[in-house]
There are 2 protein chains.
Amino acid sequence: MYPSSPTYGDDAEPDPDPLEPSPARSRRARTDEVILQATRELLAQGGVGALTVEGVAARAGVAKTTIYRRWRGREELALAVLIDMVERVVVAPDLGDTRKELVSFVDAAVKVIGSTLMGRVMQGLVSELPGDPALARAFRERVVAKRHAELRRLVERGTSRGDLRPGIDVELANELLFGPVYYRLLLSGAPLDAGLATRVVDAVYPALATRGPSVTAGDDRIGRG
Amino acid sequence: MYPSSPTYGDDAEPDPDPLEPSPARSRRARTDEVILQATRELLAQGGVGALTVEGVAARAGVAKTTIYRRWRGREELALAVLIDMVERVVVAPDLGDTRKELVSFVDAAVKVIGSTLMGRVMQGLVSELPGDPALARAFRERVVAKRHAELRRLVERGTSRGDLRPGIDVELANELLFGPVYYRLLLSGAPLDAGLATRVVDAVYPALATRGPSVTAGDDRIGRG
DNA sequence: AAGAAGCGATACGGATCGTAGCGAAGAGAT
DNA sequence: ATCTCTTCGCTACGATCCGTATCGCTTCTT
C-alpha cells in the first residue's frame, strides 16, 4: 500500500554492508534496527493509530520493556521512523531556473507524502502534538524545520539569481507552498496528484518573483484546464 | 483557555428560551445537550486526546451506555461538538470589495481556529480520519465542505463583479487560502496572528484577479515589513 | 391508566498502557 | 578462559478505557 521509494529504504538495512555478523553494529544498534523495522511494517499496515508498543515488541521478537528503554511510547517510536525517513530525503538540486526548482521541490514533497509512509505517519502524529510538548518540539525541529531550511536555501539561490525579489519571508512562502499539500493530506482528503505542485507554484510565484513577463503577462493563474 | 466567542455559544443553551421546564425540549434532546456540554468542557481542558467516554459520562451525570446509544465513540462525540460550532458560524457578508471579502473571510477562520475550541478539536480529529471512513466522511461533508461552499459563493460574487477572472478552481483557491492557516495550526505551531489573513490573500490574489494595477504594479508581495 | 421509549446501574471480557524485579545472555578486557 | 558490565527477555502487576449485555426504574405519549 505504501511501496518503498527510491528516496529511502523501507526494507532491512540500506547500508552498503549487508550483514556484517555481529561486532560492527553493536548489540544495541542491531535491536534498534529490528524494532524500527517492525515499527515501519506495522505503520504501513494501519498507521499510527494501529501502532502499539506491544504489537511492535511481538513483531520484532523483542520484549516490551526493551522498547520502553529507548522510547517513551508509540508516538516517539513513530517519530523516530519519520525522522529517519526525513534524513534520507535528498536535497533540492540546483536546476538553474528558480521556478523549475520550486516546482520540483514541491512535487517531491507531494510524491513522498502521498505515496510513502511519511504522509501516513505525519497524519497520525499531528493529533498527539498538542498534548506532548517534547514530541511536538522534536517533530518541529527535526521534520518541519527541515523543509523550511531547504526552502530557505532555494529562495536565497533564486534571489541571488535575480529571479526572486529580496527580503522574502521564507516562513510565509513555506506555508503558501506546502499548506495546500498538507491541507489535502490532512483535511480534505483530495488526491495528491501530479499537477498539484505546478499549480500551486504557478499561483504563488507572482508574489515571490521580481516583476517580469512570466508573471504579469502570463496565464499562470488559477483556472481549469 | 478557549473563551467563548460571539460566533457561537460555549455555554449552556444559547436558545432564546432559557429554561422551559421539561416538555418543550424532549427528554432526549435535554440529555443530548447535557452530554454535549460536558464534552465541550472536557475538550476545552485537554483536547480530543484527553476526551474519554467515561469521563464525559461522569461529568454529565449520565450513564456511559447512554452516550454509546447516541454516538459511536469519543471521536464522533467530538465531531458532534465541532459540527455544532461550524453551523453557528456566520457566513461571509457582501462587502462590495472582493479583496476585502477574502481577507475578512480568511481572517474569520484564523480567529475562530486560533481562539476557540474549533482549532483544538480539528487538531485532535485529524489523526482519526484515516482509520475511520465514516468519521472522515462526516467530517469532510459537514466541516470541510462548509467553508468550500462559502468560498464558492464569494468567488462567484467576485467574478460577477469583474474583480476575479472567470473559471477559477475553487478547490485550489480554498487550499491556497486556508492551507497556510492549517499548516500553522497542525504542523508548525506558528501563531495564528492578526496579519496572517492579509498576507496570505495578498500573495494569492494576483492569481485570482483579473489583471489590473493592484496586481501587476502594486507591492503586494511576500516581504517583511 | 397503559404501553413505549429513554435512561441508570452494574458487570463483564478485552486491549494497552507503563513499571518493577530478576535472571540470562552478549561483549569486551585481562 | 574468566570476569565484569551492559543489554535484554520474561513475568507479573495495577490501572485505564474500551464497547457490550442485561435488567429494572423513570419519564413521556396517547
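Numbers restart at 1 for each chain; the letters A, B, ... are given by sequence-line order, proteins then strands.
Residues passing the salt bridge (Lys or Arg N to Asp or Glu O under 4.0 Å) test with Glu101(A) are Arg157(A), Arg161(A), sequence neighbours excluded. The salt bridge (Lys or Arg N to Asp or Glu O under 4.0 Å) check on Glu54(A) picks up Lys64(A), with sequence neighbours excluded. By the side-chain hydrogen bond (donor to acceptor under 3.5 Å, both in side chains) test, Arg70(A) pairs with Thr31(A), Asp32(A), sequence neighbours left out. Residues meeting the salt bridge (Lys or Arg N to Asp or Glu O under 4.0 Å) test with Glu76(B), sequence neighbours left out: Arg72(B). Residues that satisfy the side-chain hydrogen bond (donor to acceptor under 3.5 Å, both in side chains) test with Glu141(A), not counting sequence neighbours, are Arg137(A). Residues meeting the salt bridge (Lys or Arg N to Asp or Glu O under 4.0 Å) test with Arg140(B), sequence neighbours left out: none. Shown here are the side chain to side chain contact (heavy atoms under 4.5 Å, CB included) partners of Ala145(A), two or more places apart in sequence or in another chain: there are none.
A donor-acceptor contact under 3.5 angstrom links the side-chain atoms of Lys64(A) to the base of dG18(C).
Between the side chains of Gln37(A) and Arg40(A), at least one donor N or O lies within less than 3.5 Å of an accepting N or O.
Look at CZ on Arg72(B): it is 14 Å from C1' on dC18(D), rounded to the nearest Å. Ile67(B) places its CD1 atom 15 Å from the C1' atom of dT20(D), with the value rounded to the nearest Å. Per the geometry, CG belonging to Leu77(A) stands 10 Å off P belonging to dC17(C), to the nearest Å. Remark: C1' of dA9(C) and OH of Tyr68(B) are 16 Å apart, rounded to the nearest angstrom. Atom CZ of Arg74(B) is separated from atom C1' of dC18(D) by 10 Å (rounded to the nearest Å). Note: CD1 (Ile35(A)) to P (dT7(D)) measures 13 Å, nearest angstrom.
Screening residues 186-197 of chain A for salt bridge (charged side-chain N to carboxylate O under 4.0 Å, His left out), with sequence neighbours left out, gives Arg184(A)-Asp193(A). Within the structure, salt bridge (charged side-chain N to carboxylate O under 4.0 Å, His left out) contacts touching residues 105-114 of chain B (residues at least two apart or in different chains) are Asp107(B)-Lys111(B).
Of all the residues in residues 47-55 of chain A, Thr52(A), Val53(A), Glu54(A) reach under 4.0 Å from DNA chain C with at least one non-hydrogen atom. A heavy atom closer than 4.0 Å to some atom of DNA chain D occurs in no member of residues 125-135 of chain B.
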Listing time: all N or O pairs from protein to nucleotides 3-8 of chain C that are below 3.5 Å?
from, atom 1, to, atom 2, distance (Å)
dC7(C), OP1, Thr31(B), OG1, 2.4
dC7(C), OP1, Arg70(B), NH2, 2.9
dC7(C), OP2, Arg70(B), NH1, 3.0
dC7(C), OP2, Arg70(B), NH2, 2.8
dC7(C), O4', Arg27(B), NH2, 3.4
dG8(C), OP2, Ala63(B), N, 3.3
dG8(C), OP2, Thr66(B), OG1, 2.5
dG8(C), O6, Arg69(B), NH2, 3.0

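Proximity of a side-chain donor or acceptor of Thr116(B) to a complementary backbone N or O of Val112(B) within less than 3.5 Å is detected.
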